[in-house]
Q: 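Handing you this structure, nothing more for now.
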Amino acid sequence: MTVFFKDVALKTVAGRPSYHRLNEEVNVAVRESQIRNGICLVQTAHTTCSVFFDEYMHDKNYYGDEFLQVDINHVLDKLVPRQTSENSPYLSPGPEHIAYGMKKTDPNYPAEEWTMLNTDGHIRSDLLGNSVSLGVKNGSLMSGSVGSIYFVDFDQTRERNRKVSIIIEGEK
């Protein structure tokens with residue numbers, strides 16, 4: 001049994017959800033792993049981000065988002081309104097969490113209150129989940145002919161540097 005790890009760095013945009021199709025990166029990792037049969041996990045540890053599996057759509061809007069992603073955004077906008085001010089429309093983040101965030105010194109998490117107004121991003125990522133698992137058979141990812149793996153960052157407050165981890169376990 002062999003385990004292979006690889007991280008993929010991504011840059012997100014501000015002002016709207018940021019989608020990335022990961023098929024190329026995952027297929028490269030499967031080849032690099034030399035694992036013939038096993039399982040591939042693609043996950044993010046960022047709490048406003050999701051990894052999901054869906055059909056690739058060829059049509060795109062002017063931002064480069066596939067129409068299905070735009071449709072996902074429209075549905076989520078109805079279910080989970082964007083947070084535009086503290087305590088509206090959500091209770092989170094509360095004063096204790098803001099005090100915690102203001103003590104951070106990590107440049108990826110600037111100590112500014114407005115950067116914590118991303119409760120909608122947390123809820124949206126909770127709905128879609130943070131990982132996808134697909135089988136590896138005969139050295140190939142079992143994603144079908146139209147299946148694609150996507151990463152999305154729902155934190156619309158600012159640009160971010162994000163990471164997706166690919167973990168492949170199986171037999172060579």
Side-chain angles (χ1 to χ4, degrees), residues 6-32 40-90 92-93 97-98 101 104 106-134 141-167:
K6 183 174 187 173
D7 289 330
V8 176
L10 302 168
K11 182 129 180 106
T12 67
V13 299
R16 61 188 180 84
S18 185
Y19 288 88
H20 299 269
R21 185 170 180 233
L22 300 174
N23 280 36
E24 183 177 333
E25 293 88 345
V26 175
N27 284 318
V28 166
V30 169
R31 284 192 300 276
E32 288 175 354
C40 176
L41 171 70
V42 183
Q43 77 161 53
T44 181
H46 303 292
T47 59
T48 60
C49 302
S50 292
V51 175
F52 65 98
F53 181 74
D54 213 326
E55 184 173 350
Y56 172 73
M57 295 289 161
H58 297 83
D59 300 296
K60 297 180 181 179
N61 69 7
Y62 295 126
Y63 292 114
D65 295 330
E66 296 172 26
F67 281 2
L68 183 57
Q69 296 163 355
V70 176
D71 293 339
I72 289 169
N73 291 341
H74 289 159
V75 169
L76 290 174
D77 286 344
K78 292 175 185 174
L79 291 174
V80 185
R82 185 149 177 211
Q83 185 172 22
T84 57
S85 182
E86 63 276 7
N87 298 15
S88 177
Y90 309 104
S92 173
H97 188 70
I98 290 174
K104 287 186 143 311
D106 184 337
N108 290 315
Y109 300 93
E112 297 184 49
E113 291 97 340
W114 63 268
T115 65
M116 289 181 259
L117 297 180
N118 60 1
T119 299
D120 56 306
H122 290 281
I123 295 170
R124 290 169 188 227
S125 69
D126 288 341
L127 293 173
L128 265 67
N130 75 335
S131 66
V132 166
S133 296
L134 293 172
L141 191 65
M142 297 173 65
S143 58
S145 61
V146 295
S148 289
I149 300 170
Y150 293 94
F151 166 89
V152 58
D153 187 352
F154 290 114
D155 185 341
Q156 301 177 54
T157 61
R158 61 200 180 278
E159 291 180 359
R160 305 288 288 269
N161 294 312
R162 297 302 203 180
K163 180 175 71 170
V164 173
S165 297
I166 302 169
I167 303 140

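Keep in mind that this is a model prediction, so the values were computed, not measured. Numbering of residues begins at 1 and proceeds along the displayed sequence.
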Q: In the structure I gave you, are the side-chain heavy atoms of Val152 and Tyr19 within less than 4.5 Å of one another anywhere?
A: yes
Q: Please round to the nearest 0.5 Å and tell me the distance separating atom CE of Met142 and atom OG of Ser133.
A: 12.5 Å
Q: Can you establish whether the number of heavy atoms outside Lys163 located under 6.0 Å from its atom NZ is more than 12?
A: no
Q: Between Glu66 and Tyr150, do the side chains contain an N or O donor and an N or O acceptor separated by less than 3.5 Å?
A: yes
Q: Check whether Gln83 reaches the backbone of Asn118 with its side chain - one donor and one acceptor, N or O, closer than 3.5 Å.
A: yes
Q: A side-chain contact here means heavy atoms from C-beta on lying under 4.5 Å apart; do Val8 and Phe151 qualify?
A: no
Q: Stepwise, does the side-chain contact (heavy atoms from CB on, under 4.5 Å) test hold for Tyr63 with Val13?
A: CA-CA 11 Å; Tyr63 292 114; Val13 299; over 6 Å; no
Q: Consider only side-chain N and O atoms of Arg162 and Thr48, and report whether a donor and an acceptor are under 3.5 Å apart.
A: yes
Q: Do the non-hydrogen side-chain atoms of Val28 and Lys6 ever get within less than 4.5 Å of each other?
A: yes
Q: Return the minimal non-hydrogen interatomic distance between Gly147 and Phe53, and the atom names on each side.
A: CA-CZ, 3.6 Å
Q: Please check if the side chain of Arg158 supplies one atom and the backbone of Thr115 the other of a donor-acceptor pair under 3.5 Å.
A: yes
Q: Please confirm whether the backbone N or O of Asn61 pairs with a side-chain atom of Asp65, one donor and one acceptor, at under 3.5 Å?
A: no
Q: Do the side chains of Glu113 and Glu86 get nearer than 4.5 Å, heavy atoms only?
A: no
Q: Using the rule given for side-chain contact (heavy atoms from CB on, under 4.5 Å), can you reason through Val42 versus Glu25, listing the C-alpha separation, both sets of side-chain angles and the distance that settles it, and then say yes or no?
A: CA-CA 10 Å; Val42 183; Glu25 293 88 345; over 6 Å; no
Q: Are the side chain of Asn23 and the backbone N or O of Ile149 linked by a donor-acceptor pair below 3.5 Å?
A: yes
Q: Does the Asn130 side chain pair with the main chain of Thr44, one donor and one acceptor, at a distance under 3.5 Å?
A: yes
Q: Counting N and O atoms only, with roles assigned by atom type, does the side chain of Tyr90 sit under 3.5 Å from a partner on the main chain of Pro81, one being a donor and the other an acceptor?
A: yes
Q: Do the side chain of Thr119 and the main chain of Ser92 share a donor and acceptor less than 3.5 angstrom apart?
A: yes
Q: If every non-hydrogen atom of Phe154 is compared with every non-hydrogen atom of Leu128, which pair is closest and at what distance?
A: CZ-CD2, 4.1 Å
Q: Mind listing the closest non-hydrogen atom pair of Pro89 and Arg82 along with its distance?
A: CD-O, 3.9 Å
Q: Do side-chain atoms of Ser50 reach the backbone of Gly129 as a donor and acceptor pair under 3.5 angstrom?
A: yes
Q: Measuring from atom NE2 of His46 to atom CG of Leu10, what distance do you get when rounded to the nearest 0.5 angstrom?
A: 8.0 Å
Q: Taking side chain as C-beta onward, heavy atoms only, is Arg160 less than 4.5 Å from Asp153?
A: yes
Q: Counting N and O atoms only, with roles assigned by atom type, does the side chain of His20 sit under 3.5 Å from a partner on the main chain of Thr12, one being a donor and the other an acceptor?
A: no
Q: Does Glu32, at its CD atom, have more than 12 non-hydrogen atoms belonging to other residues, nucleotides or ligands within less than 6.0 Å?
A: yes
Q: So which heavy atom on Asp120 is nearest to which on Leu117, and how close?
A: OD1-O, 4.1 Å
Q: Output the distance between atom CD (Gln43) and atom SG (Cys49), rounded to the nearest 0.5 Å.
A: 12.0 Å
Q: Restricting to non-hydrogen atoms, name the atom on Leu141 and the atom on Cys40 that form the minimum distance, rounded to 0.1 Å.
A: CD1-CB, 3.8 Å
Q: Ignoring hydrogens and geometry, is there a side-chain-to-backbone donor-acceptor pair from Ser125 to Thr47 under 3.5 Å?
A: yes
Q: Under 4.0 Å between a side-chain nitrogen and a carboxylate oxygen: does that hold for Asp155 and Arg124?
A: no
